[in-house]
Amino acid sequence: MKKAIHIILITLVLVSFVSCEADETTIPTVNTEYREQYRPQIHFSAKRNWINDPNGLVYFEGEYHLFFQHNPLGAEWGNMNWGHAVSTDLIHWKQLNVALMPDHLGDIFSGCVVVDKNNNAGFGNNAMVAIYTSAGKVQSQSIAYSTDKGRTFTKYSGNPVLANPGIADFRDPKVFWHNESKQWIMLLATNQTISFYRSANLKSWTRLSEFGSGIGSHGGVWECPDLFPLSTENEKKWVLLVSNFGAPNGGTGTQYFIGHFDGTNFTAEDAPYPLWLDYGKDNYAGITWDNIPVNDGRRLHIGWMNNWQYANSIPVFNITPKGSRGSMTLVRELNLQKHPDGYFLLKNKVVREIESIANDWQPIIDESISSKTLALKLDDKKAYQLQLSGKIADSETLTLKLSNAKNEFCTITIDSRKLIFKRSDSGVINFANAFADNSESPVFGNTNPVKLDIYVDQSSVEIFVNDGAVSLTNLVFPSTLYDKLTVEGNNSYVNTQFRTFNSIWE
Ligand code: FRU
């Protein structure tokens, strides 16, 4: 008997220990532990364990919500839950408890959150409703709701709300209220197309149409769609985002289409598809925030800063006992830009809120410094922005080399046609063959003049050309931050400055 009580006691202690591991209530708001090697200082990462896609991006009562694919029990993909973080400024994030855990229908794969202003679903006015993929034997769509600003969710008893019709890859619902036709619209990735559904109550869904056969990149199944309007020159266009294998520099990336949505069908305008939101290797599965106040009006995007080619083997931020693997891009504002040939391109630039952590600009070079190596005065800060404005005429090339004391380096080379990012000597690269590959991008516009904005963190370099006409996002794992800049090339650039950023975890 005594022995039995002993065993029960030990079991209870073990069980409480295991559940304590999974529970993230203990994560402090201001965390002194976000200092590990490689740990992003201006990007969101989970305190510990694995993350992938951003999910459920929604603004509600003063908070930007960032849910995300999360394994709370390990630093590899699997056991998918929805992690949760909130921000009041898109820069500083506070990680909260896990929002959705696996159940009898399966793991919790990617999806979205909407605010049900008129109580269409019957969960209450302004209930936050999560629509996500239940990934069990088959993939189906489920919903859950929160009436306490996303702190706790209740799963709907009638799940799944959209059963699997016999399609293996049937996931990643993105729902929005389409005011013109007064109905909820769901986009769903269905093998290599996007299917559209409609609903009056978020619970019963009717299929409308399908888009994607014979257009764009089909290097793998389509994932994580998003659809939203953007206005330009008095015209409203609809932008469709789709993430898949087949990215221009290998592995996974996010492509886009620009066209029209009439409440039933999406049709793409002519453009040289595939077009990519980002030409770097590490911006995937990004979607945009729903319910941004009208007086703000921006379309805000965040992506997972990784690539399925090597996602499970990138170095971890080495927090004990398990490590944290994966991070998000900076939050970006999306806009349209007309190409001289008449079609539209999607631009993305870092949100203005970044100013809140930026220190003063420091001029660093003038025309005489070509081929000299300059020390960047970082004052112990671990992230910074370089900005270069100048001219690159037809025969000219500009190379910026970022390096550290161990001579680990990456290079950014731009001429009037293309931009190339090289990371073959950038630090740790041997965890996957494809990691060392270059990223190359067309410049899509004028380089005379040209402006480059480069955001460098402990494990990433994000490059923006001409206010985001092109962006290239890439991971790097140098043993210490790059703190030296060398400028090479025959060109007539004029002005380069840099500024440091305070850590968002301070
Ligand atoms: C994209 C993705 C989604 C899926 C999720 C699973 O990266 O494969 O299609 O819902 O990740 O974690």
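When reading the values below, keep in mind they use all heavy atoms of this one structure, side chains included, and skip hydrogens, waters and symmetry mates. Ligands are counted one by one from 1 in listed order, and the atoms in each one are counted from 1 as well.
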Checklist entry - Would one find more than 12 heavy atoms of other residues, nucleotides or ligands at under 6.0 Å from atom CG of Asn433? => result no
Return the residue, atom name and 0.1 Å-rounded distance of the protein heavy atom closest to [atom].
| atom | value |
| --- | --- |
| atom 2 (C) of ligand 1 | Asp53 OD2, 3.3 Å |
| atom 12 (O) of ligand 1 | Gln69 OE1, 2.7 Å |
| atom 8 (O) of ligand 1 | Glu223 OE2, 2.8 Å |

Item to check | Option passing ring-ring contact (aromatic ring centres under 6.0 Å, His included) with Phe176 (candidates Tyr197, Trp289, Trp238) | outcome: Trp238
Output yes when [X] and [Y] qualify as a salt bridge under the 4.0 Å nitrogen-oxygen rule, no when they do not.
| X | Y | result |
| --- | --- | --- |
| Lys155 | Asp103 | yes |
| Lys281 | Glu462 | no |
| Lys347 | Glu333 | no |

Checklist entry - Should one rank Asp172, Asn52, Asp169, Ile108 by closest heavy-atom distance to atom 3 (C) of ligand 1, which comes out on top? => result Asp172
Item to check | NZ or CZ of Lys203 within 45° of Phe123 ring axis and under 6.0 Å | outcome: yes
Next on the checklist: Check this for me - ligand 1, Tyr284, N or O atoms closer than 3.5 angstrom, yes or no?
Outcome noted: no
Item to check | Under 4.0 Å to a heavy atom of Arg171 - the qualifying atoms of ligand 1, by number | outcome: 3 (C), 4 (C), 9 (O), 10 (O)
Next on the checklist: As an exercise, identify every atom of ligand 1 less than 4.0 angstrom from a heavy atom of Ser110.
Outcome noted: 5 (C), 10 (O)
